[in-house]
2 protein chains.
Amino acid sequence: MNDTAQQFTTRQTAVLDAALSLLVDGGEKALTTAAIAKEAGCSKESLYKWFGDRDALLAAIISRQASKVRIPQAPKLSFTEMALHEALVDFAHNLLQVICSEVSIALNRLAISQASKGDYTLGKTLLNRGRGHIGAQTTVLLRQAEAAGFLKFDSAEAAYQVLYGLVLQDIQLRVLLGDSLRPEEQNLKQLAEVAVNHFLKLYQTN
Amino acid sequence: MNDTAQQFTTRQTAVLDAALSLLVDGGEKALTTAAIAKEAGCSKESLYKWFGDRDALLAAIISRQASKVRIPQAPKLSFTEMALHEALVDFAHNLLQVICSEVSIALNRLAISQASKGDYTLGKTLLNRGRGHIGAQTTVLLRQAEAAGFLKFDSAEAAYQVLYGLVLQDIQLRVLLGDSLRPEEQNLKQLAEVAVNHFLKLYQTN
DNA sequence: CAGGAACCGTACCGTACGGTACTGATTATT
DNA sequence: AATAATCAGTACCGTACGGTACGGTTCCTG
């Protein structure tokens with residue numbers, strides 16, 4: 001698994017953007033090498049010269065996009081309980097927004113589709129760069145909150161998992177399967193609030 | 001969306017079983033009409049006569065399998081708090097087992113793959129017959145527990161969603177992407193216990 | 001026994017797509 | 001200016017697969 005960030009030329013990033021655009025609003029079916037070349041305004045031959053083969057191009061798309069996940073804002077060195085609450089809600093809200101975005105849906109579908117064909121590299125990349133990254137950062141935040149005496153848990157990682165579950169519930173799976181959010185779920189900010197309140201009820205000290 | 005349970009002849013169910021078997025241990029790539037016919041010991045022509053086309057056959061696979069979800073054991077008319085706990089753990093454990101099963105993984109991947117191609121019928125079927133079914137049953141259980149004074153919540157459906165999130169966390173997405181469960185997650189029974197305890201801490205009255 | 005339905009096996013067709021080869025134009029280099 | 005390199009555009013090839021056609025066999029029915 002190659003997790004080192006590669007550098008692409010501007011020409012190549014243009015190709016990746018074009019491909020992502022096609023994927024997002026045409027589905028996997030629209031992501032043919034010919035279509036990508038046309039959209040990017042280059043020849044198929046150049047595609048193959050720059051990326052090797054189709055799978056490598058797909059990997060480049062995911063690798064590039066997954067590393068764009070926004071890192072939860074740097075936890076302040078000294079923070080209050082309210083600041084913790086706010087930081088968690090911000091994290092949850094951001095997570096919901098990402099998960100429900102067209103781009104995230106398209107990329108996850110693509111990776112799962114590849115997994116269904118026996119190739120797990122895209123999925124691993126997505127997990128490592130996407131979830132792993134954001135998870136690690138948030139775990140740090142939780143540990144700081146514990147050190148400050150606001151939270152109490154055995155394992156920060158386990159607590160993070162609980163938070164993750166409380167926030168996403170089955171929303172991600174549903175959107176991947178093609179379900180649309182119910183009206184009362186449209187308000188992502190409120191969903192985030194509720195999830196964080198639940199989380200704090202489980203782990204807050206006082 | 002056709003959600004009425006269709007009846008298949010034994011010959012046809014044999015085909016569906018063969019196809020599911022192929023899908024589970026060969027991935028979507030192995031699910032060609034020729035392979036299905038060979039595995040089922042029939043001709044391609046019969047396949048098309050019986051199911052119409054490939055998509056209809058896929059729909060039949062999912063439709064048939066999704067309706068096999070085990071309904072949470074009938075809630076007893078009068079039950080204790082311990083019985084509620086046990087029923088919830090049983091539900092959670094069962095849910096985890098299903099979600100981590102090869103069959104569930106393969107079917108969800110297939111449905112998501114189709115969604116990536118712009119066809120959401122498989123996904124809808126999976127949601128309606130699988131998650132919808134089991135969810136509705138469990139919501140009934142929660143309502144009974146509320147009536148008995150054990151639980152307190154505004155919306156049983158929302159409470160069910162929280163339970164769902166606490167149980168699954170990100171496990172389903174991870175297995176769909178090809179991740180394997182971490183060692184400490186292998187013990188599904190214990191995961192279920194922890195999730196239910198969290199749930200009760202959030203919603204128990206006393 | 002005769003007629004027909006069901007169905008297997010196989011051959012076949014059309015198409016879509018990944019990947020490659022060639023050509024001509026444009027740009028960079030000396 | 002001459003040569004080399006890059007690349008768009010297009011044509012082409014091989015293969016895989018969905019779907020169909022057909023001949024032959026089995027089995028049921030009158």
Side-chain angles (χ1 to χ4, degrees), chain A residues 7-62 106 109-111 113-119 121-122, chain B residues 6-63 106 109-111 113-119 121-122:
Chain A
Q7 217 60 357
F8 298 111
T9 70
T10 56
R11 206 75 182 74
Q12 289 167 341
T13 57
V15 170
L16 295 181
D17 287 338
L20 183 60
S21 159
L22 277 174
L23 177 64
V24 165
D25 54 48
E28 190 187 350
K29 179 178 52 171
L31 204 59
T32 68
T33 53
I36 297 171
K38 187 174 181 183
E39 178 83 7
C42 70
S43 70
K44 278 172 67 175
E45 196 173 14
S46 303
L47 251 52
Y48 284 96
K49 184 196 290 187
W50 294 334
F51 296 97
D53 62 3
R54 184 173 182 272
D55 283 346
L57 199 156
L58 298 187
I61 297 173
I62 286 199
R109 280 180 183 159
L110 179 61
S113 184
Q114 288 291 312
S116 178
K117 290 168 190 152
D119 175 9
T121 54
L122 297 188
Chain B
Q6 295 161 324
Q7 217 60 358
F8 298 110
T9 70
T10 56
R11 205 75 181 74
Q12 290 168 340
T13 57
V15 171
L16 296 181
D17 287 339
L20 183 60
S21 160
L22 277 174
L23 177 64
V24 165
D25 53 47
E28 190 186 352
K29 178 179 52 172
L31 205 60
T32 67
T33 53
I36 296 171
K38 187 175 179 181
E39 178 83 7
C42 70
S43 69
K44 277 173 67 176
E45 196 173 15
S46 302
L47 250 54
Y48 284 95
K49 183 195 291 187
W50 295 334
F51 296 97
D53 63 2
R54 185 174 181 270
D55 283 347
L57 199 156
L58 298 187
I61 297 172
I62 286 199
S63 166
R109 280 181 181 158
L110 178 62
S113 183
Q114 288 290 313
S116 178
K117 290 167 190 153
D119 175 9
T121 55
L122 297 188

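Within every chain, numbering begins at 1; the chains are lettered A, B, ... in the order of the sequence lines, protein sequences first and strands thereafter.
Contact check for B:Phe51 versus B:Leu16: side-chain heavy atoms found under the 4.5 Å cut-off.
Taking both residues in full, the closest heavy atoms of A:Ala59 and A:Leu122 are given as CA-CD2, 3.5 Å, listed atom of the first, atom of the second, then distance. For the residue pair A:Gly41 and A:Arg11, the shortest heavy atom distance occurs at O-NH2, 3.5 Å. The two residues B:Ala19 and B:Ile61 have their closest heavy-atom pair at CB-CD1, 3.5 Å. Here the closest heavy-atom approach between residue B:Ala30 and residue B:Ala35 is recorded as O-CB, 3.5 Å. Closest non-hydrogen pair, A:Cys42 versus A:Leu47, comes out as SG-CD1, 3.2 Å.
For the atom pair B:Leu58 CG and B:Ser63 OG, the distance stands at 12.0 Å (nearest 0.5 Å). Rounding to the nearest 0.5 Å places CG of A:Leu57 at 7.5 Å from CG of A:Leu31.
Of the residues in residues 26-46 of chain A, those lying under 4.0 Å from DNA chain D by heavy-atom distance are A:Gly41, A:Cys42, A:Ser43, A:Glu45, A:Ser46. Near DNA chain C, meaning a heavy atom under 4.0 Å away, the residues from residues 48-56 of chain A are A:Tyr48, A:Asp53, A:Arg54.
Each end of the helix from C:dC1-D:dG30 to C:dT30-D:dA1 gets its own rotation axis from five pairs of C1' atoms, and the angle between them is 0° to the nearest 10 degrees.
Screening residues 13-40 of chain A for salt bridge (Lys or Arg N to Asp or Glu O under 4.0 Å) gives A:Asp17-A:Arg64, A:Glu28-A:Lys117 as the qualifying pairs, with residues at least two apart or on separate chains. Listed by first and then second residue, the side chain to side chain donor-acceptor pair (under 3.5 Å) pairs that reach into residues 45-58 of chain A are A:Ser43-A:Ser46, sequence neighbours excluded.
Within the 3.5 Å criterion, the main-chain N or O of B:Ala111 finds no donor-acceptor partner in the side chain of B:Gln114.
For DNA chain C, the outermost nucleotides in 5' to 3' order that have an atom under 4.0 Å from a heavy atom of chain B are C:dC7 to C:dG9.
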